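Just follow the structure's listing: the first ligand is 1, and inside any ligand the first atom is 1. All values below come from the heavy atoms of this structure, side chains included, with hydrogens, waters and symmetry mates left out. Remember, predicted model here, so these are calculated numbers, not experimental data. One-based numbering along the sequence shown.
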Amino acid sequence: MRISLGQDPITDEAGPMSNLETQSIRSFCRICTAICGIVVDVAGDEVVRVRGDKDHPLSKGYTCPKGRALPKMHHHPDRIERPMMRVDGRLQPTTWEACLDDLGGRLRTVIDRHGPEAIGVYFGSGLGMDAAGYKMMEALYAAIGTSAKFSPLTIDGTAKALVSHLVGGFPGFTTHIDYDRAKFVMYIGVNPVVSHGHNIALSDPVTFIREVRTRAEVWVLDPRVTETARLATKHLAPRPGTDYAVLAFLVRELLREGANQEVLEHRTVGRDELASVVEPFTLEHAAEVAGLADEELTSLLAAIRRSGPVTIHTGTGVTMGAANGNVTSWLVWVLMIITGAMNRPGGIWFHPGFNMQFDAFDLPVLPEESAFGPGPPSRPELQSFLGDWPCAALADEIGAGNIRAFLNLGGSILTSFPDVNVLEPALRSLDVLVTTEIIANPTTDISTHVLPTKDQLERADVSLWDFLMPRVAIQHTPAVVAPVGDRRSAWWVLAEIGRQLGHDLVDADATDQEMLTKALASARCSYDEAAAAGYLEVPFELPSPWVERYLDQSGGWRLAPRMLVEQLGTLEPPAPLVMIPRRQPRKLNGALDFLGETALVLLHPQDASDAGVVDGDPVVVRTDRGQITGTAKVDPLIRRGVVSIPHGHHDANVNLLTDKDVVDTVTGMVRYSAFPITVEPAEASSS
Ligand SMILES: Nc1nc2c(c(=O)[nH]1)N[C@H]1C(S)=C(S)[C@@H](COP(=O)(O)OP(=O)(O)OC[C@H]3O[C@@H](n4cnc5c(=O)[nH]c(N)nc54)[C@H](O)[C@@H]3O)O[C@H]1N2
Ligand SMILES: Nc1nc2c(c(=O)[nH]1)N[C@H]1C(S)=C(S)[C@@H](COP(=O)(O)OP(=O)(O)OC[C@H]3O[C@@H](n4cnc5c(=O)[nH]c(N)nc54)[C@H](O)[C@@H]3O)O[C@H]1N2
Ligand code: SF4
Ligand SMILES: [Mo]
């Protein structure tokens with residue numbers, strides 16, 4: 001069975017904007033991974049309006065303020081329309097030919113003098129949703145032959161892939177909740193009402209969670225009473241970075257009573273070791289570590305014992321906790337495994353992929369060490385994880401003279417990478433800093449070459465991150481408007497860089513459609529089928545035979561991986577006052593800063609009064625690394641000792657507070673959550 005949504009012309013009313021010249025084109029939003037179906041009203045070159053596509057099977061007409069801001073993004077006054085290069089210290093518009101020739105010459109010089117290893121590449125989020133661009137980025141990186149690859153993996157969350165690898169034997173398992181049948185759902189360190197989920201994307205989260213609540217208990221663990229927590233059955237506010245203690249307590253008690261014995265015996269290894277590792281996490285100990293009341297933990301345990309399989313979705317509140325995040329993510333899997341949730345109705349399903357088909361072959365069971373390799377030479381304590389070098393190492397690699405040219409392909413790296421105090425001067429010292437972008441920002445300002453690529457409304461596209469979709473499906477969109485100025489397809493730009501370096505990555509006369517056809521070479525449908533359908537879905541079964549086949553081969557889930565057991569022994573309690581991250585509804589990481597979100601620093605009334613901070617006043621937040629000034633919002637809904645600050649603001653950049661040296665040495669993930677800070681009123685710090 002296939003469900004599809006044709007891309008016929010749309011005949012419904014375009015609303016008040018409608019006039020004879022307005023065309024309505026069905027597309028999908030690629031601002032975030034929820035990829036909602038949208039209808040874009042276009043009048044000539046003008047993008048008039050974006051609204052939800054009511055016929056879309058997943059998003060059913062829903063859009064958020066970010067998606068509806070696509071016209072503003074497209075018409076932004078600072079949009080980049082021409083290639084630019086630095087001449088006499090100033091960025092100046094130029095032609096593609098001159099820009100690529102100059103860039104090619106400089107990159108060849110770097111390679112001739114220092115070898116291909118002197119080129120670093122960042123696989124930025126801005127090209128992550130450009131399917132053909134992303135594929136060409138992979139091809140260019142491989143052709144250059146450098147090991148210096150960076151991606152959002154090590155600034156977003158390595159914990160999920162690590163645990164999939166160590167517990168599952170393969171890093172690519174993506175867990176999804178069987179929401180239609182689940183009876184117990186837990187959100188830990190994730191705020192889907194604002195973020196639409198971490199990795200896994202939910203459209204229309206408020207309606208969705210309300211519906212789930214009619215069938216299931218929904219528990220939220222978050223130091224703040226979040227927008228999601230307000231919809232939950234129950235909310236617990238552990239101290240940041242201590243979720244592992246709550247989970248270890250639950251595992252300890254369920255192993256005594258309530259675990260699924262059938263699964264434990266036939267589908268797991270390491271039961272005894274797990275039991276001994278969680279043994280210290282008695283009610284008293286766990287409550288003390290997490291700073292929760294005994295009754296909160298016992299009522300959670302009782303609710304789980306009533307419900308059976310536990311399904312859990314975690315987010316950056318967990319994964320940004322470095323080693324704590326690894327241990328928490330491990331125990332999350334363990335809890336789901338021992339309650340019999342894995343690959344069972346009402347539990348967790350594993351995405352088989354649409355573009356890559358995990359069910360079509362036998363997945364390899366990988367040895368632990370296969371995920372790791374040599375890391376950046378300037379940071380001997382770090383290794384590579386799944387082929388990535390830690391973003392935290394970039395400044396040192398540049399400082400050591402190892403990286404001399406950096407290809408920033410779709411990143412707002414001055415807001416997303418840690419420790420901008422040292423990163424910015426390092427980036428400025430590079431021979432070459434290339435950025436592909438659509439709107440000027442501080443990162444483009446310091447680049448030597450700025451390459452404008454088509455924005456999402458200007459390109460045909462397919463959904464590439466199929467594993468993150470709540471269905472086994474694909475989406476397609478045609479281009480909605482013609483590219484402005486000299487903007488070119490990202491794949492073309494990257495192929496031209498390759499050509500400058502002597503690599504023939506694509507035919508000279510290739511088209512966007514041909515590139516997308518190639519991108520779907522091993523997918524469940526052809527590009528033409530995807531284009532004709534717009535949205536195309538295939539059913540999946542629970543239990544999925546391919547997962548059971550895999551478990552037969554692997555011997556079962558590994559409940560107590562050595563690396564994680566070791567890390568559990570190293571965890572320390574959080575400092576008295578720590579900072580945690582938070583996403584904002586009208587912003588996406590470093591982008592969409594023109595929608596008016598400001599860096600509101602949320603802090604508990606008691607912490608505010610201890611520090612002499614007043615609601616609405618400027619507040620200085622400080623760490624050993626640096627300081628920022630935001631606006632205080634005194635908020636009783638946040639736990640005492642915790643300060644929530646959003647990232648991605650150029651004027652109050654939390655990455656002036658983060659530390660390139662505070663890194664999980666197993667995966668290279670930098671600590672972005674639960675690190676110590678101080679706060680004080682701005683006038684106190686200036687006097
Ligand atoms: N301290 C701290 N740091 C963080 C985080 C945090 O919570 N705290 N969050 C982290 C997370 S989860 C992530 S994923 C990373 C993300 O970090 P990055 O990968 O740097 O992503 P963004 O900040 O989203 O920047 C994407 C850029 O791409 C541009 N762009 C948008 N569309 C297009 C397009 O079609 N083509 C091109 N060429 N460019 C486009 C945008 O204008 C924007 O400047 O940041 C991380 N950094
Ligand atoms: N509107 C919007 N949507 C986005 C983004 C955006 O910038 N804006 N970014 C996108 C990206 S790149 C990503 S990765 C996802 C991230 O999506 P999420 O992971 O949902 O990110 P947040 O909304 O910041 O939610 C993290 C939550 O973790 C909590 N938290 C912090 N520390 C801890 C802890 O130690 N324990 C527990 N239990 N909770 C903790 C915080 O209070 C916060 O509520 O969002 C995506 N969607
Ligand atoms: S949730 Fe918002 S930003 Fe994300 S895809 Fe949907 S409309 Fe776009
Ligand atoms: Mo992210």
Run the numbers for me: atoms of ligand 1, each under 4.0 Å from some heavy atom of [X], listed by number.
X	result
Asn655	1 (N), 2 (C), 3 (N)
Thr453	36 (N), 37 (C), 38 (N)
Gly411	20 (O)
Gly590	22 (P), 23 (O)
Lys454	35 (O)
Arg459	34 (C), 35 (O)
Met320	5 (C), 6 (C), 7 (O), 9 (N), 10 (C), 12 (S)
Ser416	3 (N), 4 (C), 15 (C), 16 (C), 17 (O), 18 (P), 20 (O), 45 (O), 46 (C), 47 (N)

query = Just one of Val190, Ile188, Thr175, Ile177 clears the side chain to side chain contact (heavy atoms under 4.5 Å, CB included) bar with Ile312, so which one?
reply =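 Considering Val190, Ile188, Thr175, Ile177, a side chain to side chain contact (heavy atoms under 4.5 Å, CB included) with Ile312 is found only for Ile188.
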Side chain, backbone, both or neither: which applies to [X] and ligand 1 if a contact is any heavy-atom pair less than 4.0 Å apart?
X	answer
Leu409	neither
Arg30	neither
Asn441	side chain

ask   = Does any N or O in the side chain of Asn324 come within less than 3.5 Å of the main-chain N or O of Gly241, such that one atom is a donor and the other an acceptor?
value =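 Here the side-chain-to-backbone pair exists.
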key: Heavy-atom donor-acceptor pair, Asn421 side chain to Leu656 backbone, under 3.5 Å   =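 Yes.
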inquiry  = For the 3.5 Å polar cut-off, considering only N or O atoms, please tell me whether Ser412 and ligand 1 meet it.
reply    =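 In this structure, Ser412 places an N or O atom under 3.5 Å from an N or O of ligand 1.
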query = When only distance counts, is Glu437 in polar contact with ligand 1, meaning an N/O pair under 3.5 Å?
reply =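 By distance alone, the answer is yes.
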Centroid-centroid under 6.0 Å between [X] and [Y] rings:
X	Y	answer
Trp389	Tyr122	no
Phe354	Phe467	no
Phe123	Tyr141	yes

query = Does the side chain of Asp41 pick up a donor-acceptor pair with the side chain of Ser24 at under 3.5 Å?
reply =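 Yes, because at least one side-chain N or O of Asp41 sits under 3.5 Å from a partner of the opposite role on Ser24.
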message = Applying side chain to side chain contact (heavy atoms under 4.5 Å, CB included) to Thr33 and Asn199, what does each step give before you reach the verdict?
response = CA-CA 7 Å; Thr33 50; Asn199 289 353; over 6 Å; no
Just need the protein heavy atom nearest to [atom], so name the residue and atom and give the distance.
atom	result
atom 21 (O) of ligand 1	Ser125 OG, 3.2 Å
atom 30 (N) of ligand 1	Gly126 CA, 3.8 Å
atom 5 (C) of ligand 1	His647 CD2, 3.2 Å
atom 7 (O) of ligand 1	Arg583 NH2, 3.1 Å
atom 31 (C) of ligand 1	Ile438 CD1, 3.7 Å
atom 24 (O) of ligand 1	Asn589 CB, 3.3 Å

task = Give a yes or no on this: more than 12 heavy atoms of other residues, nucleotides or ligands lie within 6.0 Å of atom CG of Asp45.
result =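 Atom CG in Asp45 is not packed in, count stays at 12 or less.
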request  = Would you indicate whether Arg586, at its atom CZ, is surrounded by more than 12 heavy atoms from other residues, nucleotides or ligands within a distance under 6.0 Å?
outcome  =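 No - once you tally the heavy atoms of other residues, nucleotides and ligands closer than 6.0 Å, there are 12 at most.
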Taking a cutoff of less than 4.0 Å between a non-hydrogen atom of the residue and any ligand atom, is [X] in contact with ligand 1?
X	answer
Gly648	no
Tyr122	yes
Met129	no
Thr436	yes

inquiry  = Can you list everything that forms a side-chain contact (heavy atoms from CB on, under 4.5 Å) with Pro452? Sequence neighbours excluded, please.
reply    =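 Listed in chain order: Ile80, Pro83, Trp96, Arg487.
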ask   = Can you name the side-chain contact (heavy atoms from CB on, under 4.5 Å) partners of Pro470, sequence neighbours left out?
value =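 For Pro470 the side-chain contact (heavy atoms from CB on, under 4.5 Å) partners, ignoring immediate neighbours, are Leu58.
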task = Go through Leu103 and Leu451 one step at a time and tell me if the side chain to side chain contact (heavy atoms under 4.5 Å, CB included) criterion holds.
result = CA-CA 11 Å; Leu103 173 60; Leu451 312 177; 4.2 Å; yes
request  = Pick whichever of Asp156, Ile155, Leu657 has a heavy atom sitting closest to atom 15 (C) of ligand 1.
outcome  =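 Comparing heavy atoms across Asp156, Ile155, Leu657, the nearest one to atom 15 (C) of ligand 1 lies in Ile155.
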task = Output, by chain and residue number, all protein N/O/S atoms separated from atom 4 (Fe) of ligand 3 by less than 2.8 Å.
result =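 Only Cys32 SG fall inside 2.8 Å of atom 4 (Fe) of ligand 3.
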Salt bridge (charged side-chain N to carboxylate O under 4.0 Å, His left out) pairs, two or more places apart, involving residues 459-480 =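 As it turns out, the salt bridge (charged side-chain N to carboxylate O under 4.0 Å, His left out) pairs with a partner in residues 459-480, which skip direct neighbours, are Arg30-Asp461, Asp130-Arg459, Arg459-Asp461, Arg471-Glu537.
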